[in-house]
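Working notes, structure below.
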Amino acid sequence: MKKKDQNIAVRQSADDLIIQAPVAISFLKSNSLVIESANSHILELWEKQADIIGRPLAFVLSAPGQLHYVKSVQDVYKSGHIHFGYETPIRLNRNGHNNLFYFDFVYKPVKDSSNNTVGVMVVATEVTKQVVARQLLEEAEERLRLAIEATGIANWDMDLLNNDVIASSRLSEIFGYDADETLTYQQLFGAVHPDDKCVVDMAFEEAIKSSIYLCETRIVWADGSIRWIRTTGKVLYDDHHKPLRMLGTTIDITKRKQEEIMKNDFIAMASHELKTPLTSLKAYTQLLVSKAKKAGDEFFINALEKSENQINKMARLIYGFLDMSKIESGKLQLNTQAFDINELFDEIIADKLLIAPDHVLSFKSGQTIQINADKEKIAQVIGNFISNAVKYSPKGSAITLAVKKLSENLRISVKDEGIGLKVRDQQSVFQRFYRVEDESTRGLSGFGIGLYLSAEIIRLHHGKIAVESEEGKGAEFYFLLPLQTDPN
């Protein structure tokens with residue numbers, strides 16, 4: 001084949017590639033930028049027909065809005081340097097509608113064997129879908145940002161490898177700084193109240209294991225004022241379960257905490273004032289019971305014993321409120337001592353048999369198990385479990401108490417054959433003032449603080465409290481206590 005024929009074949013092959021290409025392509029020849037070839041996609045962009053082949057680009061695209069495009073291609077020819085254009089907006093008529101589309105452009109100079117520019121290859125790729133998708137995402141992020149700012153919530157992203165923090169401006173305001181001031185991890189942790197730093201450390205350690213961070217703590221502003229914040233977070237791991245980042249939010253809860261403190265102070269004051277007359281009332285009732293027994297008056301004996309039972313219920317309620325106020329003000333102290341858990345169970349059961357004669361309490365003492373804890377508070381938790389089992393299970397049913405020694409913990413449980421708990425209630429039953437509300441519990445008394453106090457007592461012992469239950473098939477409340485750890 002002759003060289004001329006070869007050139008024609010190569011030229012034809014190149015033209016075929018341009019015409020069949022899925023993107024917009026044109027080859028412009030010489031310094032006049034004569035349109036030597038152009039496929040249908042680029043003709044659509046230029047809004048021209050195939051009859052423009054062989055004409056200079058400046059002649060074809062002569063409208064005022066197209067002059068900057070022609071100049072950009074001319075600059076590429078003169079400089080010999082490639083030029084990129086990204087997400088260029090162009091209005092096109094498609095299917096009878098004039099809409100905005102986006103294209104990425106490449107203007108590449110074509111050179112001969114002597115490195116002289118002989119033309120420019122123009123390639124345009126439509127990126128409308130990608131641009132629109134990104135714009136929708138940005139709009140959604142902006143709406144979310146505005147919604148978060150409207151609620152006063154700060155959001156942040158913490159690199160767990162080097163402790164770098166990227167946060168919204170609201171976080172700086174929550175910590176008492178100007179909105180445009182960027183805070184470091186050292187500044188954020190340094191603002192935590194000295195008495196609460198251990199709480200933050202414990203919450204962080206738990207988050208590394210469970211992936212969930214949740215903490216309410218005090219912070220100290222530069223002016224010395226104390227604020228309360230609530231922080232929630234989610235830990236992200238790599239493929240080897242190594243923690244990489246934590247994403248979270250922080251909100252100022254100072255007003256809510258101040259209201260809680262005022263309410264707790266009132267409850268503590270009222271409960272404290274009620275203790276004295278209640279103690280006297282109980283003493284007089286016991287005296288009357290003694291006299292009624294001597295007189296042999298069964299009616300008064302029965303009536304006074306029922307009155308004494310109600311007084312004991314009121315006393316437990318008052319002491320519960322006092323404990324709650326101490327817990328929430330951080331004043332509840334543990335009086336730890338070494339004792340045998342089995343002996344404690346025997347004492348509790350002997351006491352509970354008097355108030356639960358219609359239930360079968362079973363507990364089999366095993367080997368002596370010494371633990372170091374607040375004996376009175378642990379007894380309070382176990383007693384609360386038993387009281388709930390009595391309240392929510394039918395007469396004559398069994399209540400099983402168990403102690404099991406695990407590798408590092410002691411598992412103490414109370415299992416009943418009662419109404420059980422729904423899944424949604426299992427998640428909330430340890431919250432303050434939470435009560436199960438359905439037909440099966442209607443008419444049962446209680447303020448919903450017993451399990452809350454139990455959970456806080458176990459938390460102070462660095463233990464874990466939980467419930468396993470199936471609706472209609474009873475419930476097993478249990479807690480784990482560290483065998484070696486001194487809570488203080």
Side-chain angles (χ1 to χ4, degrees), residues 195 198-199 201-203 205-206 209-210 312 315-316 319-320 322-324 326-328 330-356 359-391 393 398-417 429-430 449-469 474-488:
D195 294 342
C198 61
V199 177
D201 288 337
M202 288 176 59
E205 291 174 4
E206 177 63 27
K209 294 184 290 184
S210 68
N312 288 335
R316 286 194 294 271
Y319 281 103
L322 282 172
D323 283 345
M324 184 181 71
K326 288 179 182 178
I327 285 172
E328 297 191 346
K331 296 178 181 178
L332 184 67
Q333 300 296 321
L334 298 181
N335 181 23
T336 59
Q337 58 179 303
F339 62 91
D340 182 3
I341 191 67
N342 292 300
E343 291 181 358
L344 177 61
F345 259 106
D346 291 336
E347 295 174 10
I348 294 172
I349 290 175
D351 179 58
K352 290 297 181 182
L353 285 174
L354 298 175
I355 63 171
H359 290 77
V360 181
L361 271 67
S362 64
F363 172 69
K364 185 177 180 180
S365 298
Q367 62 177 342
T368 299
I369 302 177
Q370 291 283 325
I371 63 170
N372 194 42
D374 188 317
K375 183 177 181 180
E376 181 181 336
K377 292 291 187 292
I378 295 300
Q380 181 180 342
V381 175
I382 298 171
N384 185 60
F385 283 1
I386 296 174
S387 295
N388 278 349
V390 170
K391 183 187 297 186
S393 60
I399 298 175
T400 305
L401 289 67
V403 175
K404 185 177 182 180
K405 193 173 183 180
L406 305 178
S407 58
E408 298 179 354
N409 297 293
L410 190 67
R411 188 182 191 272
I412 300 170
S413 64
V414 175
K415 187 175 183 180
D416 63 53
E417 299 175 341
V429 73
F430 295 105
I449 64 171
L451 290 176
Y452 166 74
L453 291 175
S454 298
E456 290 299 310
I457 288 170
I458 299 304
R459 182 184 64 81
L460 290 173
H461 280 83
H462 307 311
K464 175 185 176 182
I465 192 169
V467 59
E468 294 178 356
S469 178
E476 182 181 23
F477 284 86
Y478 69 91
F479 60 88
L480 303 176
L481 282 182
L483 284 170
Q484 302 298 328
T485 304
D486 187 336
N488 288 330

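Bear in mind the structure is a predicted one, so any value in this text is a computation, not a measurement.
Of the inter-residue distances, the one linking L453 atom CG with Q380 atom CD reads 6.0 Å to the nearest 0.5 angstrom. In this structure, CD1 on I412 lies 5.0 Å from CD1 on I371, to the nearest 0.5 angstrom. Rounding to the nearest 0.5 Å gives a distance of 10.0 Å between CD1 of I382 and OG of S454. E206 contributes atom CD, which lies 13.5 Å from atom CG of D201 (distance to the nearest 0.5 angstrom).
Nearest heavy-atom pair across L401 and I399 is CD1-O, 3.7 Å. Residues Y478 and F385 come closest through the heavy atom pair N-CE2, 3.8 Å. Nearest heavy-atom pair across F339 and D374 is CE2-C, 4.3 Å. Looking at every heavy atom in both residues, I378 comes nearest to A373 through CG1-CB, 4.0 Å. Residues V403 and I341 share a closest heavy-atom pair of CG1-CG2, 4.0 Å. Smallest separation of non-hydrogen atoms from V414 and A389: CG1-CB, 4.3 Å.
E476 pairs by the side-chain contact (heavy atoms from CB on, under 4.5 Å) definition with R411, S413, K415, E468, not counting sequence neighbours.
In this structure, the side chain of H359 engages the main chain of S393 through a donor-acceptor pair within 3.5 Å. In this structure a side-chain-to-backbone donor-acceptor pair under 3.5 Å is missing from D416 to G474.
Counting non-hydrogen atoms of neighbouring residues, nucleotides and ligands closer than 6.0 angstrom, the CD atom of E376 reaches no more than 12 such neighbours.
Taking the six-membered ring for Trp and thresholds of 30 and 60 degrees, F345 and F363 have nearly parallel ring planes, at less than 30 degrees apart.
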